Amino acid sequence: MSKKDLKLKIDEFSSAVGSFKGVEIEIGRIYDDSWEEPMGPTPFPSVGTLRNWDRKLLDRYKPFYMPFCDLCCLCTFGKCDLTGDKRGACGITMAAQQSRIVLLACCIGASTHCAHARHMLDHLMEEFGREAPIEVALNTNVEAPNIRLVCGIKPNTLRDLEDALDYVETQLVQLVAAAHTGQEGDNIDFESKAFHAGMLDHVAMEVADIEQITTLGMPKGIPDAPMTELGFGCIDPNKAVIMCIGHNVLPSVDIIDYLMENDLFGEVEIGGLCCTAHDNSRYNTRAKVIGPISWQLRYLRSGIPDLIVVDEQCIRTDILIEAKKLGVPVIATSEKSMLGLPNRTHDPPDNIVADLVEGKAPGALIIEPKKVGEVAVKTVLGVAPTRKDYKPLSGDDIQEMAEHCRNCEECVRACPNNLPIMEAVQQAAEGNFELLGDIYPACVGCGRCESACPENMPLITFFNKGAEERIANEKFPMRVGRGAVQDVEIREVGRGIVFGEIPGVVALVGCANYPKGGIDVAKIAEEFLNRRFIVVATGCAAMDLAMIRDEEGQNLYERYPGNFDAGGLINIGSCVSNAHITGAAIKIANIFAKRPLRANYEEIADYVYNRVGAVGVAWGAMSQKAASIASGCWRLGIPVVVGPHGAKYRRNLLGRKEKDEDWMTYDARTGEEVYTGPVPEHLFYAAETAEEAIVMIAKLVMRPNDTTKGRAVKLSHYIDLHKKYYGTMPDDLQYFVRREADIPFTMKNEILEYLKEKGWVEDKIAIPDPTLLDRMVRRRE
Amino acid sequence: MSKKDLKLKIDEFSSAVGSFKGVEIEIGRIYDDSWEEPMGPTPFPSVGTLRNWDRKLLDRYKPFYMPFCDLCCLCTFGKCDLTGDKRGACGITMAAQQSRIVLLACCIGASTHCAHARHMLDHLMEEFGREAPIEVALNTNVEAPNIRLVCGIKPNTLRDLEDALDYVETQLVQLVAAAHTGQEGDNIDFESKAFHAGMLDHVAMEVADIEQITTLGMPKGIPDAPMTELGFGCIDPNKAVIMCIGHNVLPSVDIIDYLMENDLFGEVEIGGLCCTAHDNSRYNTRAKVIGPISWQLRYLRSGIPDLIVVDEQCIRTDILIEAKKLGVPVIATSEKSMLGLPNRTHDPPDNIVADLVEGKAPGALIIEPKKVGEVAVKTVLGVAPTRKDYKPLSGDDIQEMAEHCRNCEECVRACPNNLPIMEAVQQAAEGNFELLGDIYPACVGCGRCESACPENMPLITFFNKGAEERIANEKFPMRVGRGAVQDVEIREVGRGIVFGEIPGVVALVGCANYPKGGIDVAKIAEEFLNRRFIVVATGCAAMDLAMIRDEEGQNLYERYPGNFDAGGLINIGSCVSNAHITGAAIKIANIFAKRPLRANYEEIADYVYNRVGAVGVAWGAMSQKAASIASGCWRLGIPVVVGPHGAKYRRNLLGRKEKDEDWMTYDARTGEEVYTGPVPEHLFYAAETAEEAIVMIAKLVMRPNDTTKGRAVKLSHYIDLHKKYYGTMPDDLQYFVRREADIPFTMKNEILEYLKEKGWVEDKIAIPDPTLLDRMVRRRE
Amino acid sequence: MAARMIPGQTAEIAGPKKAFVIPKPEVAASLIKRAKRPLLVVGSKAVETQTMDGDLIDTAIRLHNTGRLQVVATAHIVGEFMKRGAEGIHSMQMMNLGDRLRDPDWRGLDGEGAYDLVAFAGTLYYLEWLVESGLKSFAQDLTTISLSRSYQPNANWSLGTMKADKWKEVIDVIVKSITEDN
Amino acid sequence: MAARMIPGQTAEIAGPKKAFVIPKPEVAASLIKRAKRPLLVVGSKAVETQTMDGDLIDTAIRLHNTGRLQVVATAHIVGEFMKRGAEGIHSMQMMNLGDRLRDPDWRGLDGEGAYDLVAFAGTLYYLEWLVESGLKSFAQDLTTISLSRSYQPNANWSLGTMKADKWKEVIDVIVKSITEDN
Ligand code: SF4
Ligand code: SF4
Ligand code: SF4
Ligand code: SF4
Ligand code: SF4
Ligand code: SF4
Ligand code: SF4
Ligand code: SF4
């Protein structure tokens, strides 16, 4: 399959059938005809193809801009002040500028996954052959819902994935171009372009995860994926410890292979941070998961690692400085992140090992994973013995240092969460490390406090000291990422989700930029698991939710099963596995509802939007990748809730529930436009507190298509949670109760009374066969 | 030619030779074997391939960072304060952050050209066939020096260009990914990546210009390209006036064709701004060139245009607001810049025309160029009569408005060039418009003053009024862009350039963000033309240098011939034509010096760097495209001088002439490392004044390879210009005079005395066969 | 008043248009008193913010009781007010509120008309910074006041950065002054 | 002195670390006088900048003649000094100068050692802004003073924004104070 046409002139051709001269073959677009589904309306959509769909959504969910800066500094006409109704030297307005930055962020995010997928694919095709057949999940025909939906192709082998990447790359370059000075001028068109980038991102992520699942023997969508260990406490510091950071599993795979082949797991511990950790554990559960992105600095400061291997994405860019403090070498493995290290890819391994062990070089760049495997293991075995005497700061050291505190408060001002660092340091100066320890769980580990401190106090190390005991106990089980949701699972739950009887699917994804620590993610998960929502998780969130135990000492992974069903807690995998979450939504439309999938984006998104009660939650969303992932969800009609730092993404996409005219929907049966109420109320929403978020999530799972039974279930959770966290009844039930039967039985009287006050009229809110697409109307009345 | 491997299974195949079943053909990389040159070392280089070369340059020319902002706001961990030695929450340092933004800017720039090339190519292949043979320039074999050099392929037909774009897209996505939070951490590696983006940009530009030259009958490198008219004064306001803005010629081509076919040039005037104007005039000289980017707003305010057609890049994003003030409709033609307009691509032309003429819609988005042609012409013919009564502001109006000035100085504070706007307004309030008129030539037309004015005074219109008379006379001849430099020209001048006897090639390129108006560009050009340098120009600069006349009323295009030879003034073309400038430098190495070209980047760049006395000058460099174009020059060893606003590109790349150890060069003959002096002294340099720039340019053309005769010529210009503009002898001749014979004869005594004072020693500076590449050493002694 | 134009968080700096520092508490009070329809926004940090009255919830209740302004609790904290017996406190989340405040047609929490002044207190610093940034550019007719202990550059008016004790006093003076007749 | 921390160009705002406003001319003078090796940078706008002495070139010559500091002319303007008979004025372009000032090993224009203080006057506002930004982050031990008529946030010390007449007076006081013995 190739999107290029092709003209071959073969001067001489000889094969078993005979030999010929001057054969000329001309072939147009070649599509795999083994896919009987006819081509849908929008194969390989360009920047403008889905604009009408985007504008439908953006008309309901208007951006509320919160400029993160009043200026634009993107060209030498700048800086331009865009405050209020000022325009830049290029004519741009504040609204367009904010959206432009959103677009850029989404392009960076999608490029990151796409570049990662491309890089891995080149490598994996070389190793496993271009024709290696794709295998994603057991009991699954729809192997690549995003690719099928967007591109209109059905990949069978690794090389088919290239066509998807070619397309994504071409489109991304178009989008990046649109951010140039003097290009797009309309903020809503910028938003639409950001949606496009998001959609592309899900294609790229799908490619990336398919590649690695196919070739590296990662779990193929199995609900009972094996358990691995997570946390500081799971690393045996008596072994030589390799710490792998990033998002590209390939170098780590070769480290693990080398350890296996040489039977060295008894001597060497390999622990990972961020997505590399997820993917390592999907590859081999002997690889330990240290923790999410926020643990990088604090784990380094523990002094435990003897070697650091970084690949790409979300690695601390000052890793060399930090490594130097520890006296451990760094191996960089990606052209995207070369860190100024000399390229030793073509040097003999033992030379590199010698230089690293002897400390002649602070690190090495090795692009070839196989060589990384050998060099890393040999190096760590050489380095570890030299670090036996390494001692982290003692309590006395810390007390002594703390005495130099100038009370300048710079640390607090630098802290994104305003943690009481100065106070804790002052306590420490008196030998009391309690407050330091209290900071630990709320701290996102960013190190800005240290960087700001005029006394250069190693504050992260201080917090570690304060939390010593806690850290020793940080050891939790985690089901490894299982990858996609199986077709057979979709078939079983599709009905329940679409009619609302399974109250919703909550996807906990993204990074660890939490306002109050990772524990909130676990609380959110627990609340919805208790209520038998389906909870799926990826990335840092999937780690953080592992970190609470109940009275019996069990964590959520132990208490809830891993199947995609009500009350299931599914670790999908690393960040690229997020494509399986949108994939599952797409598959509900395709497999359960039998909507045509191929290149049929609008219809599927319309289906998901109106029927699938899924909500994305990125409580600590930090990165540009998180921005593009969310953006891909929006275009597909899935609302996303973020934490308060998420407001820094420069705008929310907010519905106005009280504006009846905003919530008109076609009834596909009749063509009539009917009022369906504000469901879902928002498309992108930053909550101030976890409590607010929980209640909002419960509200956002409502869909026009809910049956009365389904709506009643959803409303009962919403009301219950509102009472629990706000201490009051919601004040907006009139928008969600469509008829009496929607009211949860146990609350009927109370609610009817409330509704009467609000002037509620039964049947004002319709329950149509809902669609936003004119063309989905089956007949007009 | 395709970079993909290919496996074809043909179930049935029937042709003249017979018919077969089940043929399976497997083909690896297919290269065109009609190119006998063997493949060089670096075909399709990846992000890291040329890193060593970059580091050699960046070791000499270290970035001096001038942070344009102390913060980073790229992720929700931010904003982070990076001042001094602070690090961001991701660990990034200030230096790396500045380079990261540079990388992003270069990626945006290169993406813009690449996306443009891709978009045009899709369209042109449809119209002219995928197999349309490439024709770039007369008397030329090396049709695509950048593509050959970088990719290692030799394009024969339009479709071959796709391979180059596929490559550029893949690489750009890798580079954008590297800007993600937590990827690259080393500032020099960021710079190297920015160089990579720049190199890719030149490939993309080359593709774009080859496409349009090949298919649209643009001049094929002819020295005597036809003259066209440039300026306000060349538009006949009595005709219906279409104003085309941007960089994509395709919609304009169809407007011109429609005018030709319907014989309407008597009634309709088509004028262009920015590169669309260049390319229109290359297509058909009846299309007029209004002016550079800076004239957009002022030309709009003249009230003359009756219809605005925008395509992409460098268009004012507030064009709809401005158009509304004039009462003229806008046609947008690109998915990159949809401006919120409804997509009318599939509506019947006459419906669109009716809506636009009747003012029912402020504009329309029409993606199909053919339809743009028809709609634009019909619309302008409908609109123009309704605008007959349009009057721009009268002197009385302006005086009356000026009286409301609050003396708040906000206009001046908003002005990038601190022009005395308030004073001029105050004069105007007294009926004296002189100072307003004085602002006109120095103003870059950005409109920020207006936007800042609390009284909303239309200040641009005020300046127009003040310069009324001048404007009426703004009508200059300009030779249209001729495209590439012919191989045969290279053969003739190669020797003179490489040995320094032609003192240098000065390329005046880029945008119009001038510190004191466009006249400086003309002055720079004139100075070097007088001295028989080769002066080439593109983009806005090629327009601005047209705008001075000598006493006989002749401008530079009239006074200097258009051939690529000493004293020639060559309008190369639009921004994408910049690829021909690097192309010419590459061809000198290949054609004159017979260095192998194919995928041989380092050697060619090393040659250009050490031997070709070319300097890029982007006096008004504004855009991200300008950043990437410059970046592509640096990697190829060509220094670039910008105006003072260019310092906003966040860093300069500066040599330190006094550090002898920085200027060591291999002698390819012996392998010895010898001191060759600081030539060229800088790689990227922002000058404060045009005078400073002129002297610096004269200095930067020196190269280690200069013959004594060549060096003497170059030194004489340098000294002469220094005396002229600084009023003194240069104080750094000791770094440039290698032996007595280098000293310009007429100045010998004076200079020898000066050198003696400085302790100059003859022969300290070597004249080797210079190279920075170890592998170019022919034998070791 | 030892007010300083130094923002709470280091990098959340002021843009070209920045809040006037409220020179003394009475000015804040008089801005609020002179407003036709003022709204006090109480954020999620109110419970942990100590004031002379106890915490900021208590202070907000005291202000609420003057009847001179409406009070809205953001996030989930309206329950805190109810626990303490306050009635008529509105509840609306920060994003919903910000989005409506920039809409000149919005009729307010009570449906009676648009607000002309909004004061913020007890918020997450950066969240207030962002919402006020949105209002600065997209609700130019609305007056915003930050009663934060740290300078909030994106408000129209802001208290300067000061110590906790000083701030308590300042808030108390403001409340007293509003409570007083005229 | 009616000094204001408002930058000359609207959008060239201050970052988290910003210049102290020089409270009175004498402070600027005393900073310069106390410096071991001060350098005065005179930019390309000097000729069009009026001072009590005539223009800024004249003022710079007056300062130069005190022997208390070195003077360097940027861009091409050293010729202006020579025309007026000044000797020993250095010439170096802004980029070359900025690049060297951040190098602690640079021995100065006279080869005698590093400067500890650099004062800027008569520059293009934005160019000074940028160069001082570079020095703020990459030459943290160097003290920079802006004598610009508008506040320059990236210097260590800057005059505040003031009217042209006022500025002339201020500059004159500074020069006088430097000229005086101690
Ligand atoms: S947009 Fe970001 S980098 Fe640019 S000026 Fe604002 S805060 Fe600084
Ligand atoms: S892109 Fe536009 S708003 Fe931004 S700096 Fe350039 S001219 Fe100003
Ligand atoms: S490391 Fe923790 S305490 Fe320090 S600034 Fe970051 S979040 Fe705050
Ligand atoms: S920044 Fe350092 S010195 Fe200042 S208060 Fe914090 S810990 Fe103390
Ligand atoms: S990218 Fe790094 S420096 Fe920039 S805001 Fe994010 S964490 Fe801070
Ligand atoms: S339009 Fe001209 S005068 Fe106005 S701000 Fe721009 S450059 Fe200055
Ligand atoms: S901004 Fe407007 S009102 Fe203010 S000084 Fe300038 S022209 Fe006058
Ligand atoms: S030279 Fe610059 S401003 Fe002019 S058209 Fe090209 S990119 Fe635009």
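What you see is a predicted model; the values in this text were computed from it and never measured. A note on names: the letters A, B, ... follow the listed sequences, proteins ahead of strands, and every chain is numbered from 1. Hydrogens, waters and symmetry mates play no part in the numbers below; they use all other heavy atoms, side chains included.
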Under 4.5 Å heavy-atom distance to chain A, tell me which part of B:Leu104 shows up: side chain, backbone, both or neither. side chain
Is there a donor in the side chain of B:Thr317 and an acceptor in the side chain of A:Glu184, or the other way round, less than 3.5 Å apart? no
For B:Ile367, which atoms come within 4.5 Å of any heavy atom of chain A: side chain, backbone, both, or neither? neither
Whatever's closer than 4.5 Å to a heavy atom in chain A on B:Ser192 counts as neither
Check: B:Gln183/A:Ser337 side-chain N/O donor and acceptor closer than 3.5 Å: no
If I measure from the heavy atoms of chain A, does B:Ala105 come under 4.5 Å with its side chain, its backbone, both, or neither? neither
Assess whether a salt bridge exists between A:Arg87 and B:Glu322, defined as any Lys/Arg side-chain N lying under 4.0 Å from an Asp/Glu carboxylate O. yes
With rounding to the nearest 0.5 angstrom, report the OG1 to CD1 distance, A:Thr181 to B:Ile315. 11.5 Å
Whatever's closer than 4.5 Å to a heavy atom in chain A on B:Ile108 counts as both
Between the side chain of A:Lys336 and the main-chain N/O of B:Ala178, is any donor-acceptor distance below 3.5 Å? no
Side chain from CB out, backbone as N, CA, C, O: work out which of these in B:Ala621 comes under 4.5 Å of a heavy atom of chain A, or both, or neither. backbone
Chain A heavy atoms under 4.5 Å from B:Leu175: which part of the residue, side chain, backbone, both or neither? neither
At a heavy-atom distance under 4.5 Å, which candidate from A:Ala414, A:Gly620, A:Cys511, A:Ser623 has the highest pair count against chain B? A:Ser623
With a 4.5 angstrom heavy-atom cut-off, which part of B:Asn52 approaches chain A: side chain, backbone, both or neither? neither
By salt bridge (Lys or Arg N to Asp or Glu O under 4.0 Å) - contacts of B:Arg100 (at least two apart): none
Could you tell me which portion of B:Lys193 (side chain, backbone, both or neither) has an atom closer than 4.5 angstrom to a non-hydrogen atom of chain A? side chain
Based on non-hydrogen pairs under 4.5 Å, which of A:Ala110, A:Cys107, A:Ala115, A:Gly185 is most in contact with chain B? A:Ala115
Side chain from CB out, backbone as N, CA, C, O: work out which of these in B:Asn513 comes under 4.5 Å of a heavy atom of chain A, or both, or neither. both
Those residues at least two apart in sequence (or on a different chain) that pass ring pair (Phe, Tyr, Trp, His ring centres under 6.0 Å) with B:His119 are none
